[in-house]
Amino acid sequence: MEPAEAVRQLEYAIDASLDETGQRAAAGYRPTFERVAERADGAAVYDLACDLADEVVAGNRVTPAEADATAERVLDDWAYTDGGE
């Protein structure tokens, strides 16, 4: 998954779950998705998007710092699987 697509998916989750515009909120996560894409691959970006969307659907407002921490966990997991070789 490309970072731009991940942002769009998160926009949809935010729009469906919160009383705010997902486009505005999700755009703040773009640098995090781009960093994951640079360090890993599309599968890691997808995993991050799913994790963040799950948080949003649960009613949590994920801050950029929390998104960065989630990204680090995804990258750590990725490093220990086939993606990280």
Side-chain angles (χ1 to χ4, degrees):
M1 175 179 280
E2 294 294 319
E5 179 60 23
V7 169
R8 276 194 299 278
Q9 293 302 318
L10 200 51
E11 287 171 3
Y12 300 146
I14 292 169
D15 285 344
S17 302
L18 301 175
D19 293 332
E20 64 181 71
T21 303
Q23 190 172 24
R24 184 176 341 125
Y29 304 118
R30 184 179 303 272
T32 302
F33 287 123
E34 289 172 348
R35 190 177 79 251
V36 170
E38 288 172 6
R39 292 178 51 192
D41 62 11
V45 173
Y46 177 80
D47 288 346
L48 175 59
C50 289
D51 288 352
L52 295 178
D54 288 346
E55 287 294 319
V56 168
V57 169
N60 300 322
R61 291 179 181 234
V62 181
T63 67
E66 291 169 332
D68 286 342
T70 301
E72 288 305 315
R73 283 193 301 275
V74 167
L75 288 168
D76 287 346
D77 289 347
W78 182 83
Y80 295 109
T81 63
D82 292 342
E85 295 181 30

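Count residues from 1 along the sequence. Here the structure is a predicted model, which is why all the values come from computation and not from measurement.
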dist Tyr29:OH -> Thr63:OG1 (nearest 0.5 Å) comes out at 7.0 Å
Please list every donor-acceptor pair under 3.5 Å in which a side-chain atom of residues 45-57 meets a protein atom from a residue at least two apart or in another chain.
residue : atom : partner : partner atom : Å
Glu55   : OE1  : Asn60   : ND2          : 2.7

Does a sphere of radius 6.0 Å around CD in Glu2 hold more than 12 heavy atoms from other residues, nucleotides or ligands, not counting ones at 6.0 Å or beyond? no
Per side chain to side chain contact (heavy atoms under 4.5 Å, CB included), Asp68 is matched among Thr32, Val36, Val62 by Thr32
Distance col, row Glu72:CD vs Arg39:CZ, nearest 0.5 angstrom, shows 4.5 Å
For Arg30, the salt bridge (Lys or Arg N to Asp or Glu O under 4.0 Å) test, sequence neighbours excluded, returns none
